[in-house]
Amino acid sequence: MTSPTTRLHSRLSDFATVRKRPGVCRGAFVCGPDSRCTALRIREPRDSLNGFLTHGARLDSSLVMTTHARSQGIFALSVAALGVVFGDIGTSPIYAFQALFTEADGHPLPPDPQHIFGALSLVLWAVTFTVSIKYIGVLLRADNDGEGGELSLTALLTSVLSSARTRGLLGAVMVLGMCAAGLFYGDSLITPAISILSAVEGLEEASPALGPLVVPIALVLVLALFSIQRWGTGVVGRAFGPVMIVWFLVIATFGVLSIVKTPEIIGALSPHHALGFIVTEPLLAFFALGAVVLTVTGAEALYADMGHFGRGPIARAWFVLVFPCLALNYLGQGALVLRERNASHPFYDLVPHSLQFPVVILATLATIIASQAVIAGAFSVSMQAQRLGLLPRLSHTYTSEHKGQVYVPGVNWLLCVGALVLILAFRSSQGLSSAYGIAVSGSFLLSTALLFLYLRYVRKWALWKVIVVAAFFASAELFLFAANAAKVFTGGWIPLVVSALCIATMHVWRFGADRLRERRRDLCGTWEEFVARTEKKQLQKLPGTVVYLHQDVHTPPLALLTQTRVNRAIHSRVVIAEVTTEPVPRVNAEDRIKILDVPGVPDGVECVNVHFGFKEHLDVPKAMRLLASCPDASERWSNQRLKSTWFVTARANLVLAPASFATLVAKKLFRVMFKNQARASDHFHLPVARSMGVETDLRF
């Protein structure tokens with residue numbers, strides 16, 4: 001007769017077989033026959049014990065959390081997701097529906113019943129198609145070890161496409177990833193400006209005399225928002241969810257009150273109004289799509305922030321609260337325009353005059369939350385791009401123990417200056433709406449392209465199935481993008497220019513880093529050559545342990561070559577550490593450091609590979625403390641000795657070699673970025689008292 005723990009172990013093994021995917025660690029308590037339980041890491045809240053229970057296994061209540069506790073945890077995650085994930089799309093009703101009838105590009109819709117029903121139906125079904133079907137229904141299932149976002153998916157695809165047969169696609173994947181990151185930066189630049197400006201514009205609705213104060217107040221709020229980023233949002237973040245719950249309930253309430261007065265507006269839920277509008281007036285419907293896309297801004301945040309909350313809590317928050325409240329508010333605005341054809345600002349016109357100021361304050365808080373989410377996303381994207389080798393080392397600070405909460409001052413102030421300039425240049429949310437849509441619709445298309453590659457090469461779907469899915473989404477998104485491309489000359493050029501600058505920066509950095517790596521490899525030579533040279537010099541042995549950070553352990557580091565050439569000495573214990581960023585968000589502790597057997601390495605030198613995920617901070621000293629516990633480590637790598645270790649990095653002084661004009665310009669830009677990147681000691685968290693840099697001239 002088998003014991004209960006053995007049966008449980010068997011069931012969990014079956015479950016792991018069903019749910020297993022390469023590189024994915026799911027959550028559960030695994031109890032073996034020896035009655036010892038091991039807690040597997042939960043990378044995705046959506047795939048914890050709930051996922052296990054859906055496969056029919058029954059767990060003893062003494063081994064797992066109760067159903068009540070699980071429900072509380074999911075509820076807490078859903079509330080938190082409201083404050084981080086849905087801030088942007090949740091504040092779209094402030095300006096999106098208004099843009100359909102007061103669009104600044106010269107194609108406003110006439111406020112008659114036919115166009116009101118047609119436009120409203122387009123809005124509701126665009127939200128359903130983009131958010132409910134594409135992002136929550138499909139794209140949130142395309143994860144990289146529980147993490148979402150275009151760059152995360154790019155990292156996964158680069159690892160999968162490394163075989164000879166598919167290596168030709170690597171360049172295309174990297175270009176898609178760079179374009180997605182560039183458009184996200186454009187989005188991050190515009191979101192704080194348009195969101196805060198649209199909220200403050202409610203002051204003018206409440207009291208026209210306050211109109212001249214709208215732009216100055218918006219400027220102050222934007223400046224304050226970016227100024228507090230350095231302190232992090234850990235404490236403030238816990239208040240975001242409840243504020244957004246109040247926000248959604250308030251906008252739904254005003255929507256219902258308007259629907260009650262004009263109940264026939266509910267007919268706009270039928271898609272035949274949208275189809276009729278497209279068929280009878282295709283050109284006007286095409287231009288209307290440029291404003292409709294504003295109702296789905298922030299959908300990309302659902303995917304980017306999936307790693308923080310998991311698909312389950314995000315989906316629950318969307319279908320239970322966010323989607324119904326947004327639909328009710330849009331229906332309410334449509335009912336208002338149907339009653340009052342001259343409504344200048346449908347969102348604020350829903351609000352009774354006595355409540356205008358409180359709603360303006362609430363809307364301002366909600367838009368600040370929306371802006372905070374996208375700014376934090378820009379920090380995360382920057383760090384991911386750096387880990388993927390698309391950007392130089394960036395100065396950054398982790399604002400809490402949570403790995404996702406990071407502050408990147410350079411990115412922060414660039415976005416701040418850009419947002420302030422946009423507010424001063426456009427001075428209204430309607431003017432900015434032309435610049436906003438093209439970044440969002442471009443992101444939709446890029447995510448569909450990456451989804452195509454994911455389904456084909458990661459999930460191994462048949463080609464015809466992948467084509468059907470991609471065509472289904474791309475057919476609608478192409479129209480959205482084309483409609484917004486028509487606004488290029490009225491502001492749509494802004495995200496395109498920002499994206500182009502970001503792509504150029506990433507391309508130049510990759511180009512320069514590859515050239516520099518090749519040049520270093522040529523200068524370093526081989527270990528056999530190093531041993532031959534040092535034997536002739538009869539180097540002095542110095543006491544102590546030194547870790548040389550190097551890009552390729554199969555060649556001696558430049559810093560070591562310089563030391564042996566100048567000082568004619570080498571330490572008795574030397575570690576050559578190559579830091580590798582893996583295409584997964586995080587690496588398990590047991591896989592953090594590996595001792596390598598490199599041919600030709602002299603006695604007293606150990607080569608190791610230190611592995612980090614692209615979402616982890618690179619704490620090399622902490623990783624080195626794991627060296628003593630490695631199975632292949634010799635006795636000389638004790639923790640006591642490693643605690644007194646010195647860390648050495650090489651600083652290259654780039655001397656530009658003659659080249660063509662275009663190549664020389666790229667080299668100069670690379671040198672500027674190379675000189676101004678974060679110091680290696682800060683990047684790798686090296687102790688200041690036990691680290692030094694060796695400078696070497698490098699002809700580049």
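Because the structure is predicted, anything quoted here is derived from the model rather than measured.
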Inset, instruction - Go through W413 and F226 one step at a time and tell me if the ring-ring contact (aromatic ring centres under 6.0 Å, His included) criterion holds. - result: CA-CA 7 Å; W413 293 113; F226 283 98; 7.3 Å; no
Legend entry - Donor-acceptor under 3.5 Å (T663 side chain, S660 main chain): no
Inset, instruction - Evaluate the criterion side chain to side chain contact (heavy atoms under 4.5 Å, CB included) for residue pair H571 and K541; output intermediate values, then yes/no. - result: CA-CA 5 Å; H571 287 78; K541 287 284 185 178; over 6 Å; no
Legend entry - Heavy-atom check, side chain of W527 versus side chain of P556, under 4.5 Å: yes
Inset, instruction - Tell me yes or no: between the side chains of H550 and T555, is some donor less than 3.5 Å from an acceptor? - result: yes
Inset, instruction - Please tell me if the side chains of E606 and V574 come closer than 4.5 Å, counting only heavy atoms from C-beta onward. - result: no
Legend entry - Separation of T154 OG1 from L450 CG (nearest 0.5 Å): 5.0 Å
Inset, instruction - Answer yes or no: is there a donor N or O on one side and an acceptor on the other, between the side chain of H685 and the main chain of V620, under 3.5 Å? - result: no
Inset, instruction - Taking all non-hydrogen atoms of both residues into account, name the closest pair between L561 and C524 and its distance. - result: CD1-CA, 3.7 Å
Inset, instruction - Would you check, one step at a time, whether the test side chain to side chain contact (heavy atoms under 4.5 Å, CB included) holds for S371 with I196? - result: CA-CA 8 Å; S371 303; I196 293 176; 4.0 Å; yes
Inset, instruction - For the pair Y548 (side chain) and A650 (backbone), establish whether a donor and an acceptor sit closer than 3.5 Å, ignoring hydrogens and angles. - result: no
Inset, instruction - List the atom of V440, the atom of E300, and the distance in Å for their closest heavy-atom pair. - result: CG1-OE1, 4.2 Å
Inset, instruction - Please step through ring-ring contact (aromatic ring centres under 6.0 Å, His included) for the pair F670 and F511, ending with a clear verdict. - result: CA-CA 8 Å; F670 176 80; F511 160 80; 7.9 Å; no
Legend entry - Within the 6.0 Å centroid threshold, strictly below: F444 and F481: no
Inset, instruction - Work out which heavy atom in V601 is nearest to a heavy atom in C607; give both atom names and the distance. - result: CG2-SG, 3.7 Å
Legend entry - Straight-line distance of R533 CZ to L539 CG, nearest 0.5 Å: 10.5 Å
Legend entry - Point-to-point distance, once rounded to the nearest 0.5 Å, from CD1 of I368 to CD1 of I375: 10.0 Å
Inset, instruction - Determine whether more than 12 heavy atoms belonging to other residues, nucleotides or ligands lie under 6.0 Å from atom CG of D522. - result: yes
Inset, instruction - Using the side chain to side chain contact (heavy atoms under 4.5 Å, CB included) rule, take I423 and I194 through it: C-alpha gap first, then chi angles, then the decisive distance, then the call. - result: CA-CA 8 Å; I423 291 176; I194 190 173; over 6 Å; no
Inset, instruction - Please examine the side chains of R586 and F612, heavy atoms only from C-beta on, and report whether any two atoms are closer than 4.5 Å. - result: no
Inset, instruction - Give, for atom CD1 of I190 and atom CD1 of I438, the distance between the pair rounded to the nearest 0.5 Å. - result: 9.5 Å
Legend entry - Shortest non-hydrogen separation from L432 to L422 and the atoms involved: CD2-CB, 4.1 Å
Inset, instruction - Report yes if some heavy atom in the side chain of V488 is under 4.5 Å from a heavy atom in the side chain of L496; otherwise report no. - result: yes
Inset, instruction - Indicate yes or no for a side-chain donor-acceptor contact from W509 to the backbone of A504 under 3.5 Å, with no hydrogens or angles considered. - result: no
Legend entry - Interatomic spacing from CE in M174 to CG in L161 - rounded to 0.5 Å: 11.5 Å
Legend entry - R521: partners by salt bridge (charged side-chain N to carboxylate O under 4.0 Å, His left out), with sequence neighbours left out: D552
Legend entry - R592 side chain vs A623 backbone, donor-acceptor pair below 3.5 Å: no
Legend entry - Student check: side-chain heavy atoms of V648 and S691 closer than 4.5 Å: no
Inset, instruction - Return the minimal non-hydrogen interatomic distance between L446 and A180, and the atom names on each side. - result: CD1-N, 3.4 Å
Legend entry - Non-hydrogen side-chain atoms of L170 and T158 separated by less than 4.5 Å: yes
Show me the donor-acceptor pairs, under 3.5 Å and distance only, between side chains in residues 673-681 and residues at least two apart or in other chains.
from: N676; atom 1: ND2; to: V672; atom 2: O; distance (Å): 2.6
from: Q677; atom 1: OE1; to: R393; atom 2: N; distance (Å): 3.2
from: Q677; atom 1: NE2; to: F674; atom 2: O; distance (Å): 3.4
from: R679; atom 1: NE; to: D682; atom 2: OD2; distance (Å): 3.2
from: R679; atom 1: NH2; to: D682; atom 2: OD1; distance (Å): 3.4
from: R679; atom 1: NH2; to: D682; atom 2: OD2; distance (Å): 3.2

Legend entry - Residues in side chain to side chain donor-acceptor pair (under 3.5 Å) contact with D88, at least two apart in sequence or another chain: Y436
Inset, instruction - Specify the closest pair of heavy atoms between L223 and S227, including all atoms of both residues, with the distance to one decimal. - result: O-OG, 2.7 Å
Legend entry - For R515, all residues meeting salt bridge (charged side-chain N to carboxylate O under 4.0 Å, His left out), sequence neighbours excluded: none
Legend entry - Euclidean distance, Y454 OH relative to S447 OG, rounded to 0.5 Å: 14.0 Å
Inset, instruction - Go through the steps for L394 and L391 under the test side chain to side chain contact (heavy atoms under 4.5 Å, CB included), then give the verdict. - result: CA-CA 8 Å; L394 300 171; L391 289 176; 4.3 Å; yes
Inset, instruction - Could you check if a side-chain atom of M624 sits within less than 4.5 angstrom of a side-chain atom of I593, using non-hydrogen atoms only? - result: yes
Legend entry - With D591 via side chain to side chain donor-acceptor pair (under 3.5 Å) - residues at least two apart: none
Inset, instruction - Would you please name every residue forming a side-chain contact (heavy atoms from CB on, under 4.5 Å) with N609, sequence neighbours left out? - result: E578, T580, L596, H611
Legend entry - Donor-acceptor pair, side chain of S499 and main chain of P495, under 3.5 angstrom: no
Legend entry - Heavy-atom side-chain proximity of R651 to V694 below 4.5 angstrom: no
Inset, instruction - State whether a side-chain donor-acceptor pair under 3.5 Å links Y185 with S382. - result: yes
